[in-house]
Engineer: 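Okay, handing you the structure first.
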Amino acid sequence: MPQTVDHVRLSRDGRALVILDQSRLPNHSEYIVLASAEAMYEAIKSLRVRGAPAIGIFAGFAMYVLARRMDMNSRAAFDKEFFEKSAYLNSSRPTAVNLSWALKRMEGVLSAHGELSPGELLPLLKAEAQAILDEDIAMCKAISEYGLSLLKEGDGVLTHCNAGPIATSRYGTAIGPLILGAEKGISFRAFADETRPLLQGARLTSYELQKAGVDVTLICDNMASIVMKNGWVQYCFVGCDRVAANGDAANKIGTSGVAILAKHYGIPFYVLGPTSTVDMNCPDGEHIEIELREGSEIREKWYSEPMAPEGVKCYNPAFDVTDHELISGIITEKGICRPPYTESLKKLFE
Ligand code: MRU
């Protein structure tokens with residue numbers, strides 16, 4: 001039986017993608033059906049599907065769905081359209097490497113089977129998308145186990161953004177250890193930064209942790225320092241969108257500030273992510289493209305009326321890069337990498 005997750009899945013007839021619209025959480029659990037490349041692009045861009053691994057899983061199934069609608073009579077025409085659609089989806093958001101990583105895996109099916117007809121390729125494409133999902137499920141479980149091995153009962157863990165089940169497949173990465181701990185009857189105290197401007201921490205992390213029975217306290221981003229000063233935080237666990245070969249790690253905007261604070265207070269700061277998020281072709285954080293988003297997300301969102309003057313200039317980078325020197329360890333499904341990361345990350349791929 002193929003494994004499934006509820007928040008990114010194929011429709012019954014396999015001709016469309018069904019996803020939980022994360023932009024509507026926590027008040028509305030709405031599922032949307034996507035069948036065109038344009039709708040899929042929009043879903044990524046608008047963060048209806050978000051979180052680096054979940055975007056990768058989505059991209060795998062998306063390419064299968066799109067492939068089913070392509071010209072089945074000519075392999076050349078099929079390939080051309082497949083690569084065009086893949087490039088189009090890849091242009092939706094630049095920072096999370098899992099998107100291009102998953103699309104390359106799907107393209108690899110075509111490259112490895114030049115002899116097959118489009119119809120013969122379809123089951124292979126479906127199997128590759130399924131493999132991306134299955135592997136992520138296993139990776140998240142292993143990451144959660146490694147993260148859990150660092151913690152002792154009652155520890156306080158601060159996290160930023162959302163790196164939970166809906167951002168991945170199951171368990172998640174950064175909050176996976178807390179959810180796994182709850183399953184095993186071990187309790188921790190989680191602190192979730194609300195994560196301006198799109199509130200992934202408030203809307204998604206506190207929602208997922210509460211649902212899993214974890215003791216979670218929601219704080220505004222500018223409260224992390226006092227919470228650390230109070231002695232309530234023993235570890236910072238965050239996710240990642242792209243880890244460079246030297247250990248610099250891109251994650252949701254504000255993550256690097258948390259790492260700087262953690263250093264000040266002597267709190268270990270860990271980045272958790274699957275090896276699919278490690279980009280060995282990217283030498284350091286300087287080479288990670290940071291997505292810039294609309295200023296309206298800062299000016300106009302969430303309140304019943306805008307809380308900033310109309311037209312005020314805004315700067316809205318979606319991610320920042322945490323310098324590897326601030327990172328105590330990078331937890332992957334293959335174990336906990338320690339500095340120097342140029343060596344420990346390289347070993348992951350040997
Ligand atoms: O803009 P988002 O919500 O897609 O940003 C997501 C994050 O920064 C997550 O922390 C990261 O993708 C890891 S998800 C396991």
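As the structure lists them, so they are numbered: ligands from 1, and atoms in each ligand from 1.
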Engineer: Could you pull out every protein residue that has a heavy atom closer than 4.0 Å to ligand 1, ordered by chain and then number?
Structural biologist: Leu47, Arg50, Gly51, Ala52, Pro53, Arg93, Cys161, Asn162, Ala163, Ala167, Thr168, Thr173, Gln200, Cys240, Asp241, Asn251, Lys252, Phe319
Engineer: Closer than 3.5 angstrom, by distance alone: can the side chain of Asp241 be matched with the main-chain N or O of Thr95 as a donor-acceptor pair?
Structural biologist: no
Engineer: Indicate yes or no for a side-chain donor-acceptor contact from Gln22 to the backbone of Ile166 under 3.5 Å, with no hydrogens or angles considered.
Structural biologist: yes
Engineer: Report the relative orientation of the aromatic rings in Trp232 and Phe191; use parallel for angles under 30°, tilted for 30 to 60°, perpendicular for over 60°.
Structural biologist: parallel
Engineer: Go through it in stages, so that I can follow the logic: the residues are Gln200 and Thr205, the test is side-chain hydrogen bond (donor to acceptor under 3.5 Å, both in side chains), and I'd like the CA-CA distance, side-chain angles, deciding distance and then a yes or no.
Structural biologist: CA-CA 7 Å; Gln200 288 91 334; Thr205 300; over 6 Å; no
Engineer: Run the side-chain hydrogen bond (donor to acceptor under 3.5 Å, both in side chains) check on Arg203 and Asn162 step by step: do they pass?
Structural biologist: CA-CA 9 Å; Arg203 295 188 303 105; Asn162 171 263; over 6 Å; no
Engineer: Do Ser225 and Tyr265 have side-chain atoms, one donor and one acceptor, less than 3.5 Å apart?
Structural biologist: yes
